[in-house]
Amino acid sequence: MSGACPYRSLSVPARQRTPTPDLLVTSTTTFPLPTLPATSSYPHTRRGTWEANKTMADHGASKINHDNHLLLDQPLLRLPYELLRKNIRSAHYHIEWDTNAVKDLLKETATNSINQKASKQDVVNNLDQMLARMRGLKRKLSTYAEEENRLYGQSTARVAHLRELSDVHTVEDVKYEAWSRQRLDRLVVDYMLRHGYNKSANALAEERNMLGLVDIDTFVAMSKIRQSLENGSVQEALVWCNENKKELRKMQSKLEFELRCQQYIELNRSSSPKLEAINHAKKHIMPFSKTYPTEVSHIAGLLAYRADTPHEPYASLYSSARWKKLADLFTDAHLKLLGLPQFPLLHIALSSGLSALKTPACHSSQQNQSHQGQKSHKSATPGPGQGEEQESRSHGTASLQTSVCPICSTELNALARNVPYAHHSKSHLLEHDLMLLPNGRVYGKAQLDEYAEKSRLAAGEVKDLVTGEKFREDELKKVFIT
């Protein structure tokens with residue numbers, strides 16, 4: 001018996017043949033597999049290679065990489081930590097302030113009493129003041145203690161939520177589905193809070209019983225200050241800047257300077273005396289003259305221009321669009337201060353998923369279909385041979401595109417267009433005897449020959465399975481994988 005493969009001579013009816021998988025899913029991307037023709041048998045060696053690669057890929061894809069999962073959940077633990085630091089700093093400030101005031105008053109009372117410069121009634125009044133101050137400090141510390149307990153409770157709930165993932169090792173586990181669903185709910189709540197849908201976010205968090213896993217109070221306070229800026233008021237934002245003055249100075253934030261400049265602009269816009277604007281500039285803007293010399297010189301020039309001036313940069317300074325700029329500047333400073341990403345976590349997760357699944361075939365097939373639609377719109381009646389070519393090209397596109405690919409869907413295709421391709425550290429070759437076409441695409445030689453036979457091309461010609469371009473075989477180059 002010869003060494004030829006015995007399976008080559010088998011003729012299996014199409015309806016009895018085992019279905020060929022349409023996709024090979026790996027840990028980083030999804031590769032479309034060519035479908036087997038219904039009228040010809042395929043070498044079992046290539047099918048065995050596909051099945052082996054698919055098995056390895058499925059095993060790698062089903063295993064959970066806990067470190068990668070936790071990359072997206074860093075703000076989940078960091079925000080309570082930052083809020084605890086802020087809470088401790090505020091409590092420490094009030095303790096220092098009130099205790100120093102009590103010590104000074106006690107020292108003054110004792111000195112005056114010894115020197116007989118204060119009566120008994122004065123001493124009693126001073127003692128009452130010290131007691132009242134200490135009672136006020138106690139109330140403040142009680143508030144800070146309640147906030148600290150709440151933040152500790154949040155941290156405990158979040159650590160427990162992340163610990164649940166450590167007990168899950170594969171995506172097939174039923175626990176992983178429930179955990180990932182809860183994480184998706186958290187990302188949706190984060191998105192709604194960042195865009196001002198506070199009531200909807202709170203309702204979703206209550207319904208899913210995850211109030212300890214989201215930061216509603218923090219974002220609600222941020223949205224109130226942002227809304228006040230959009231409505232033309234800087235007072236709330238200045239109070240926030242005063243509370244976080246040291247941190248903003250370390251960040252080299254421009255927020256307080258811009259807010260003071262806006263106050264100066266509104267004083268110039270109003271009918272109030274110019275002296276008031278000049279005094280405001282001397283007190284709040286001139287200290288920034290070395291840090292922002294150009295901006296300070298422009299601000300000083302506003303005294304010579306009215307609000308309806310067409311000259312730049314003064315027209316831009318008087319523009320109402322500055323309020324939107326101030327609101328965005330405050331939001332960026334607030335998020336940076338708390339160690340939160342500038343973009344919603346839902347955007348980050350979605351872009352990562354789109355990048356991991358995106359392949360060149362996803363958009364090339366869409367462009368090909370769009371080109372075909374425009375061509376058919378221009379010429380409703382195809383010429384001789386054109387109908388066959390269009391049918392063959394659409395068949396080639398359909399062979400590479402599958403309905404289960406999320407990037408090829410109408411909803412996600414446009415979103416993924418500008419997303420970069422993922423970095424693939426490992427690749428699995430699904431074809432052997434690879435050939436490089438002049439347009440830069442690579443296919444297996446057997447696949448090109450099979451498609452050329454289907455397309456009824458002349459001898460020595462091949463056709464790109466996606467674009468439909470025709471090339472001579474002598475234009476192809478063999479690809480060697482090293």
Student: Whether the side chain of Asn100 engages the backbone of Glu96 through a donor-acceptor N/O pair (distance < 3.5 Å, no angle test) should be reported.
Tutor: yes

Student: To the nearest 0.5 Å, how far apart are NZ in Lys250 and CG in Asn244?
Tutor: 11.5 Å

Student: Between atom NE2 of His334 and atom OG of Ser253, what is the distance when rounded to the nearest 0.5 Å?
Tutor: 12.0 Å

Student: Would you kindly say whether Asn112 and Asp122 are connected by a side-chain donor-acceptor distance under 3.5 Å?
Tutor: no

Student: Using a strict cut-off of less than 4.0 Å between a Lys/Arg side-chain nitrogen and an Asp/Glu carboxylate oxygen, indicate whether Asp73 and Arg186 qualify as a salt bridge.
Tutor: yes

Student: Taking C-beta and beyond as the side chain, do His195 and Pro344 meet within less than 4.5 Å on heavy atoms?
Tutor: yes

Student: Strictly below 4.0 Å, N to O, side chains only: are Glu247 and Lys86 in salt-bridge contact?
Tutor: no

Student: For the pair Lys175 (side chain) and Glu164 (backbone), establish whether a donor and an acceptor sit closer than 3.5 Å, ignoring hydrogens and angles.
Tutor: no

Student: Have Ser119 and Gln121 got a donor and an acceptor in their side chains that come within less than 3.5 Å?
Tutor: no

Student: Checking Asn115 side chain against Lys117 main chain: does a donor-acceptor pair fall under 3.5 Å?
Tutor: no

Student: So, using ring pair (Phe, Tyr, Trp, His ring centres under 6.0 Å) as the criterion, who are the partners of His161 when residues are at least two apart?
Tutor: Trp179

Student: Just by modelled atom types, is the Arg163 backbone N or O under 3.5 Å from a matching donor or acceptor in the Ser166 side chain?
Tutor: yes

Student: Between the side chains of Asp328 and Arg226, is the shortest nitrogen-to-carboxylate-oxygen separation below 4.0 Å, so that they form an ion pair?
Tutor: yes

Student: Can you tell me if Asn198 uses its side chain to pair, donor with acceptor, with the backbone of Val220 under 3.5 Å?
Tutor: no

Student: Looking only at the side chains, is there a donor atom on one of Glu266 and Gln262 sitting less than 3.5 Å from an acceptor on the other?
Tutor: yes

Student: Taking only Lys NZ, Arg NE, NH1 and NH2, and the carboxylate oxygens of Asp or Glu, determine whether Arg441 and Glu469 approach each other closer than 4.0 Å.
Tutor: no

Student: Examine the side chains of Glu147 and Thr143 and answer whether a donor and an acceptor come within less than 3.5 Å of each other.
Tutor: no

Student: Under 3.5 Å, is there a donor-acceptor pair between the side chain of Ser113 and the main chain of Thr109?
Tutor: no

Student: Check whether any side-chain N or O of Thr309 sits under 3.5 Å from a backbone N or O of Ala315 as a donor-acceptor pair, and report yes or no.
Tutor: no

Student: So that I know where these two stand, are Tyr191 and His347 an aromatic pair - ring centroids less than 6.0 Å apart?
Tutor: yes

Student: Hey, could you give me the CG/OH distance between Leu204 and Tyr197, rounded to the nearest 0.5 Å?
Tutor: 14.5 Å

Student: Does Asn209, at its CG atom, have more than 12 non-hydrogen atoms belonging to other residues, nucleotides or ligands within less than 6.0 Å?
Tutor: no

Student: Under a 4.0 Å threshold between the charged nitrogen and the carboxylate oxygen, would Glu256 count as salt-bridged to Arg249?
Tutor: no

Student: Flag the pair Leu238 / Arg260 as yes when at least one side-chain heavy-atom distance between them is below 4.5 Å, and no otherwise.
Tutor: yes

Student: Evaluate side-chain contact (heavy atoms from CB on, under 4.5 Å) for Arg89 paired with Tyr93, printing each intermediate quantity in order.
Tutor: CA-CA 6 Å; Arg89 287 197 303 267; Tyr93 170 79; over 6 Å; no

Student: Tell me whether Ser223 contacts the main-chain N or O of Phe219 through its side chain, where contact means a donor paired with an acceptor under 3.5 Å.
Tutor: yes

Student: Any side-chain heavy atom of Val189 sitting closer than 4.5 Å to one from Asn202?
Tutor: no

Student: So, Tyr318 versus Asn268: side-chain donor-acceptor pair below 3.5 Å or not?
Tutor: no

Student: Just verifying a value: how many Å separate Cys241 SG and Glu258 CD, rounded to the nearest 0.5 Å?
Tutor: 11.0 Å

Student: Are Glu312 and Ser316 close enough, and set up right, to give a side chain to side chain donor-acceptor pair (under 3.5 Å), and what steps lead you there?
Tutor: CA-CA 6 Å; Glu312 291 293 344; Ser316 299; 2.6 Å; yes

Student: Look at the side chain of Asn279 and the backbone N and O of Leu275, then say whether any donor-acceptor pair between them is shorter than 3.5 Å.
Tutor: yes

Student: I need the full list of ring pair (Phe, Tyr, Trp, His ring centres under 6.0 Å) pairs touching residues 134-156, with sequence neighbours left out, sorted by first then second residue.
Tutor: His94-Tyr144

Student: Is the side chain of Ser270 donor-acceptor paired with the backbone N or O of Leu267 at a distance under 3.5 Å, no angle test?
Tutor: yes

Student: Would you please test Val234 and Leu229 for side-chain contact (heavy atoms from CB on, under 4.5 Å) and show each step?
Tutor: CA-CA 6 Å; Val234 299; Leu229 287 172; 4.2 Å; yes

Student: Begin with the C-alpha distance, continue with both residues' side-chain angles, and end with the deciding distance and a verdict on side-chain contact (heavy atoms from CB on, under 4.5 Å) for Trp240 and Leu259.
Tutor: CA-CA 11 Å; Trp240 182 84; Leu259 293 174; over 6 Å; no

Student: Run the salt bridge (charged side-chain N to carboxylate O under 4.0 Å, His left out) test on Arg194 and Asp190 for me, step by step, so that the C-alpha distance in whole Å, both residues' side-chain angles and the decisive distance to 0.1 Å come before the verdict.
Tutor: CA-CA 6 Å; Arg194 288 172 181 262; Asp190 174 81; 3.0 Å; yes

Student: So how far is it from Thr294 OG1 to Tyr292 OH, rounded to the nearest 0.5 Å?
Tutor: 12.0 Å

Student: Salt bridge check, Asp215 against Arg158: does any charged N sit closer than 4.0 Å to a carboxylate O?
Tutor: yes

Student: Please determine whether a side-chain nitrogen of the Lys or Arg among Glu177 and Arg181 lies less than 4.0 Å from a carboxylate oxygen of the Asp or Glu.
Tutor: no

Student: Quick one: are Lys254 and Glu295 in side-chain contact, heavy atoms under 4.5 Å?
Tutor: yes

